[in-house]
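Just so you know, residue 1 is the first one in the sequence shown, and it goes up from there.
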Amino acid sequence: TTSPFREWAGGQRALRVLVATDFTVASDAALAFARELAEHGPCELSAGYVDDPATDGARLNIEVAEGETPANPAALDAALRRDLGEKVAAILGDHRVQLLVEAGASNPAATLIELAKAAQADVIVVGAGHHHGLARLWHRSTSRALLNDAPMSVACVPVAGHPPCARWPLRLLA
């Protein structure tokens with residue numbers, strides 16, 4: 001079989017890209033990288049956001065009933081899609097992007113992988129902020145989990161001002 005990257009580079013097909021997004025500078029870096037990919041060849045872009053309904057509901061002043069199923073209430077889903085759409089448009093400009101919003105804070109990497117599978121993504125692009133020292137004990141790395149668990153290629157984009165981590169910036173699957 002031919003690599004999706006070779007087919008994309010050869011102009012044979014669009015590259016299917018899922019960008020792991022949130023409201024951080026790490027996400028900005030990932031979106032900027034996806035914009036560069038789309039400027040070099042045709043891409044089908046999706047932006048995936050995994051939320052915690054209780055946390056995002058509180059941040060947006062939207063009531064989320066306790067004990068509710070792990071799905072987003074309609075008002076929260078609409079607000080998250082609005083905010084995510086504005087962020088994505090600010091960085092990607094006129095590029096067409098499918099917005100994917102899913103509740104799944106207990107394991108965001110697993111939820112992003114499921115979103116990528118559903119979108120038939122060739123690659124997940126994720127920003128990689130770097131936690132140092134003891135901070136690594138309290139912060140699970142979504143980018144590291146994606147590199148370990150995703151069945152598709154993963155590109156980790158370092159945040160400007162942070163040195164890239166030479167051990168795991170990119171994993172391509174044939």
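Residues E39 and H95 meet the side-chain proximity criterion, which asks for heavy atoms closer than 4.5 Å. The side-chain heavy atoms of V123 and F5, taken from C-beta on, include a pair separated by under 4.5 Å. Counting only heavy atoms from C-beta outward, the side chains of R59 and L80 approach each other to under 4.5 Å. The side-chain heavy atoms of L60 and D83, taken from C-beta on, include a pair separated by under 4.5 Å. Residues T142 and L112 meet the side-chain proximity criterion, which asks for heavy atoms closer than 4.5 Å.
Between V17 and C43, the shortest heavy-atom distance links the atoms CG2-SG, 4.4 Å. When all heavy atoms of L84 and A47 are compared, the closest pair comes out as CD2-O, 4.2 Å. Annotation for V154 and L146: closest pair CG2-O, 3.7 Å, computed over non-hydrogen atoms. Shortest non-hydrogen contact noted between A29 and V159 is CB-CA, 4.4 Å. What you find for A103 and T111 is that their closest heavy atoms are O-CG2, 4.3 Å. The two residues S46 and L100 make their nearest non-hydrogen contact at CB-CD1, 3.9 Å.
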Check: Could you go step by step and tell me if I124 and S153 meet the side chain to side chain contact (heavy atoms under 4.5 Å, CB included) rule?
Finding: CA-CA 6 Å; I124 299 174; S153 297; over 6 Å; no
Notebook entry, point to check: Checking salt bridge (Lys or Arg N to Asp or Glu O under 4.0 Å) for the pair R35/D28: CA distance, chi angles, key distance, verdict?
Noted result: CA-CA 10 Å; R35 181 186 64 227; D28 295 352; over 6 Å; no
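The line from CG of N107 to CD of E114 is 10.0 Å long, rounded to the nearest 0.5 Å. Here the CD1-OG1 distance, from I91 to T21, works out to 9.5 Å after rounding to the nearest 0.5 Å. With values rounded to the nearest 0.5 angstrom, E7 atom CD is found 10.0 Å from L15 atom CG. To the nearest 0.5 Å, atom CG of residue L18 and atom CG of residue L45 are 9.5 Å apart. Taking CZ of R13 as the reference point, atom CH2 of W8 lies at 11.0 Å (rounded to 0.5 Å). Taken from CG in D56 to CG in N72, the straight-line distance is 7.5 Å, to the nearest 0.5 Å.
No donor-acceptor pair closer than 3.5 Å links the side chain of K117 to the backbone N or O of M152. A donor-acceptor pair under 3.5 Å is absent between the side-chain atoms of D77 and the main chain of P73, judged by distance alone. Put simply, the side chain of T55 never gets that close to the backbone of D51: no donor and acceptor are under 3.5 Å apart.
By the 6.0 Å and 45° rule, R81 does not stack over the aromatic ring of Y49.
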